[in-house]
Student: 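Structure below; questions to follow.
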Amino acid sequence: MLKTKIYCSKNFKIGEIDSRLFGSFLEHMGRVIYTGIYEPEHSFSDEEGFREDVLEAVHQMGVTAVRYPGGNFVSAYHWEDGVGPKEKRPKKLDLAWKSIETNEFGTDEFIKWTKKAKVSPIFTVNLGTRGMEEAIQYLEYCNFEKGTYYSDLRRKHGRENPYGITMWCLGNEMDGEWQVGHKTAYEYGRLAANTGKAMKIIDPSIELIACGSSLSSMSSYPQWDMEVLEQTYDVIDYLALHQYYGGQEKGTKAFLAQTLDMEEYIKTIRSVAQVVKQKKRSKKEMKFSVDEWGVWAFPSNTVNKEIEKEPWKVAPSISEQIYTLEDALLFAGMQMVMLRNADVIKIACQSLLTNISACIMTEQGGGVWLQTIYYPFYYFANYAKGIVLSSTIEGKTYDCEQFLEVPYLDSVVIWNEKQGEVVIFMVNRSEEEPMEVELFMEGFHLKRIKKFISMTAKHKKMTNQQDHKAVIPREREEADIIDEHCIVKIESLSFSMLCIEV
């Protein structure tokens, strides 16, 4: 059995957790919207066509914010197509996913859905094929009270009060050559800055998110981020980072070690922002939004092959990835990386909510089931509240092809003063050995174990596709408080959460 120690102190704080770190993402792609959250013909759907079984799963999951309508989709999207009477909305070509968009679900429906889901909306404007003028018109439609063309158009559509959208993304992944309307960093930075300035004239209360690098492997990273920040620093509130990891074929050790790449990615972008801050002699501290992130279970060209096989369909079943225990452990590790940077990362959107790289899977006309990645998200969203504490791990490490000295234990410690509890999240990366973890928490009086759960499986490639309860968390009892520290035993290849009353 591996022996590991975690040391932390009440006095060493990283930062307060923003509730928006537990966001998700809806895009007009495949079955994410249609037969995902919206299926008017379904017996479980309400009068608006929203699937109530999905809404219940979203409530339980703890999602706090949702980004919409894309994603790659947004870069050729006309927001006007998704408002007003549904029978008058045009069917359009979706260039991003080579499908037909009916526009039956649009801005007005999304706002209604967010109210039922009890989540904050994050909107994205099209800076691919469109630009400043359309962005400010969209903002006017959503946020201006009345007396102008677009605000009165909203009222004409039956929405008297402004939607009051506070968070806006200035385009999507504009560094990517795959993006419709792809731009250089300078071109995008200038457009984003000018668009942001105009939007804040209309509504100074909004927060703006500019496109940073789409992946840590982009050839333009981190120069793209430097150039964009130099153009937009005084206007925007967040720089967006996107990150997906695949590589299951590399083996478990290398696959799970990719959280170290994510740590380095964020560390680098933080440094870039500090350089720009000093160049501008600014007092402003840039914050970040990881508004697309997740584990990618398909080879990178699989989606393109699926699209080319049957192009120009309505809501085609594409990229419906099925997640294993192994995938869930990397997913949990990525969430812990973001929490360990909670002082500057204030928004994060798991991608996507339903059916594509999703936590929640739906059957058209049928039921709902939950993927392995749903459960780490659930525990983070419902228990990671308060302050992230700095912690040090003392234990064994391993080497793999890309990374050296990878700790077998990945963890983060949260102090929830309001609830009087400390919560420790842990991933044991070892395939072979369980682990005994000794927790030393300076400044806390440990009273009792409130909750201890762990998620593992008989095999690392097990999924919930057939047996929907195959890989789920289980209550555990192998935790004891002894002389002001805690000893807990966790299984090999497992995700665990320990909640201690203090």
Student: Centroid separation under 6.0 Å, is that true for the rings of Y188 and H182?
Tutor: no
Student: Decide if the gap between the ring center of Y323 and the ring center of Y374 is smaller than 6.0 angstrom.
Tutor: no
Student: Got a second to check how far Q179's CD is from S75's OG, nearest 0.5 Å?
Tutor: 3.5 Å
Student: Dump the intermediate steps for side-chain hydrogen bond (donor to acceptor under 3.5 Å, both in side chains) on E227 and Q231, then the final yes or no.
Tutor: CA-CA 6 Å; E227 180 67 41; Q231 299 291 334; 3.2 Å; yes
Student: Taking the side chain from T354 and the backbone from I360, do they hold a donor-acceptor pair closer than 3.5 Å?
Tutor: no
Student: Do W415 and F444 make the cut of ring centroids closer than 6.0 angstrom?
Tutor: yes
Student: Going by heavy atoms in the side chains, are E264 and S216 under 4.5 Å from each other?
Tutor: no
Student: Which is it for S213 and D225 under the side-chain hydrogen bond (donor to acceptor under 3.5 Å, both in side chains) test, yes or no, and what are the steps along the way?
Tutor: CA-CA 6 Å; S213 291; D225 308 84; 2.5 Å; yes
Student: Please evaluate residues F110 and F123 with respect to the criterion ring pair (Phe, Tyr, Trp, His ring centres under 6.0 Å), reporting the C-alpha separation (whole Å), side-chain torsions for both, the decisive distance (0.1 Å), and the verdict.
Tutor: CA-CA 10 Å; F110 176 65; F123 273 18; 5.6 Å; yes
Student: Quick check: does any side chain N or O of S99 sit under 3.5 Å from a backbone N or O of A315, one acting as donor and the other as acceptor?
Tutor: no
Student: Donor-acceptor check, side chain of K98 to backbone of D94, threshold 3.5 angstrom: yes or no?
Tutor: no
Student: Are E326 and T252 close enough that a side-chain donor and a side-chain acceptor fall under 3.5 Å?
Tutor: yes
Student: Side chains of R429 and T259: do they bring a donor and an acceptor to under 3.5 Å?
Tutor: yes
Student: With a 4.5 Å heavy-atom cut-off, do W97 and V303 have their side chains touching?
Tutor: yes
Student: If the threshold is 4.0 Å, N to carboxylate O, is there a salt bridge linking R51 and E363?
Tutor: no
Student: Please determine whether the number of non-hydrogen atoms from other residues, nucleotides or ligands lying under 6.0 Å from atom CD of E442 exceeds 12.
Tutor: no
Student: Can we call the ring centroids of F425 and F380 under 6.0 Å apart?
Tutor: yes
Student: To the closest 0.5 Å, what do you measure between SG (C486) and CD1 (I449)?
Tutor: 4.0 Å
Student: Y379 vs M455, test: side chain to side chain contact (heavy atoms under 4.5 Å, CB included). Steps then yes/no.
Tutor: CA-CA 11 Å; Y379 281 100; M455 187 174 82; over 6 Å; no
Student: Kindly determine whether N341 and E263 satisfy side chain to side chain contact (heavy atoms under 4.5 Å, CB included), including the steps that lead there.
Tutor: CA-CA 9 Å; N341 288 274; E263 294 269 18; 3.8 Å; yes
Student: List in chain and number order the residues that pass salt bridge (charged side-chain N to carboxylate O under 4.0 Å, His left out) with K279, two or more places apart in sequence or in another chain; answer none if no residue qualifies.
Tutor: E230
Student: I'd like to know if the side chain of S454 pairs up with that of S496 as donor and acceptor (distance under 3.5 Å, no hydrogens or angles considered).
Tutor: yes
Student: When rounded to the nearest 0.5 angstrom, what distance separates CZ in F288 from CG in L239?
Tutor: 6.0 Å
Student: Checking N355 side chain against V32 main chain: does a donor-acceptor pair fall under 3.5 Å?
Tutor: no
Student: Between Y383 and M497, does the side chain to side chain contact (heavy atoms under 4.5 Å, CB included) criterion hold? Intermediate values first, please.
Tutor: CA-CA 9 Å; Y383 287 89; M497 184 201 76; 3.5 Å; yes
Student: So which atom in R20 and which in T64 form the shortest heavy-atom distance, rounded to 0.1 Å?
Tutor: CA-OG1, 3.6 Å
Student: Within the structure provided, determine whether E285 and Q274 are in side-chain contact (heavy-atom separation under 4.5 Å).
Tutor: yes
Student: Is it the case that the side chains of E56 and Q60 hold a donor-acceptor pair, with the cut-off being a distance below 3.5 Å and no angle test?
Tutor: yes
Student: Side chains of M226 and V275: does their closest heavy-atom pair fall under 4.5 Å?
Tutor: yes
Student: Between W224 and M174, is there a donor-acceptor pair closer than 3.5 Å when you use the side chain of the first and the backbone of the second?
Tutor: no
Student: Counting distance only, does the side-chain N/O of R67 pair as donor-acceptor with the main-chain N or O of A348 below 3.5 Å?
Tutor: no
Student: Can you name the nearest heavy-atom pair linking V74 to P69, along with the distance?
Tutor: CG2-CG, 3.9 Å
Student: Can you check whether Y221 and Y265 have ring centres sitting under 6.0 Å from each other?
Tutor: yes
Student: Using atom types as modelled and distance alone, determine if a side-chain donor or acceptor of E39 lies under 3.5 Å from a backbone N or O of G365.
Tutor: yes
Student: Begin with the C-alpha distance, continue with both residues' side-chain angles, and end with the deciding distance and a verdict on side chain to side chain contact (heavy atoms under 4.5 Å, CB included) for I6 and L409.
Tutor: CA-CA 10 Å; I6 300 175; L409 180 70; 3.7 Å; yes
Student: Y375 side chain to A328 main-chain N or O, any donor-acceptor pair under 3.5 Å?
Tutor: no
Student: Working to the nearest 0.5 angstrom, can you tell me the gap between D18 CG and D343 CG?
Tutor: 12.0 Å
Student: Using the ring centroid of each side chain, check whether W168 and Y238 are separated by less than 6.0 Å.
Tutor: no
Student: Check whether more than 12 heavy atoms from other residues, nucleotides or ligands sit under 6.0 Å from atom NZ of K284, and answer yes or no.
Tutor: yes
Student: Going by distance alone, is a donor N or O of one side chain under 3.5 Å from an acceptor N or O of the other, for S492 and E433?
Tutor: no
Student: Where do A457 and M462 come nearest, in terms of heavy atoms and distance?
Tutor: CB-SD, 3.8 Å
Student: Tell me which one of I387, I424, V388 satisfies side-chain contact (heavy atoms from CB on, under 4.5 Å) with V413.
Tutor: I424
Student: Can you name the one residue among E501, E421, E475 that meets salt bridge (Lys or Arg N to Asp or Glu O under 4.0 Å) with K450?
Tutor: E421
Student: Restricting to pairs with a member in residues 388-402, which pass side chain to side chain donor-acceptor pair (under 3.5 Å), not counting sequence neighbours?
Tutor: none
Student: Parallel, tilted or perpendicular: which describes the rings of F377 and F22, with under 30° parallel and over 60° perpendicular?
Tutor: perpendicular
Student: Flag yes if more than 12 heavy atoms outside E52 fall under 6.0 Å of its CD atom; otherwise flag no.
Tutor: yes
Student: Taking all atoms of both residues into account, what is the closest heavy-atom pair of V488 and A479, and its distance?
Tutor: CG2-CB, 4.0 Å
Student: Looking at every heavy atom in both E491 and S494, which two are closest together, and how far apart are they?
Tutor: O-OG, 2.6 Å
Student: Sub-3.5 Å donor-acceptor pair from the side chain of T232 to the main-chain atoms of G189, do we have one?
Tutor: no
Student: Are T124 and N172 close enough that a side-chain donor and a side-chain acceptor fall under 3.5 Å?
Tutor: no
Student: Look only at the side chain of Q258 and the backbone of G246, and say whether a donor-acceptor pair between them is shorter than 3.5 Å.
Tutor: yes
Student: Are more than 12 heavy atoms, taken from residues, nucleotides or ligands other than E249, located less than 6.0 Å from that residue's CD atom?
Tutor: yes
Student: Roughly how far apart are D261 CG and I266 CD1, rounded to 0.5 Å?
Tutor: 10.0 Å
Student: If you count every heavy atom of other residues, nucleotides or ligands that lies below 6.0 Å from K277 atom NZ, does the total exceed 12?
Tutor: yes
Student: Return the SG to NE2 distance between C349 and H242, rounded to the nearest 0.5 Å.
Tutor: 8.0 Å
Student: If every non-hydrogen atom of A240 is compared with every non-hydrogen atom of I209, which pair is closest and at what distance?
Tutor: CB-CG2, 3.6 Å
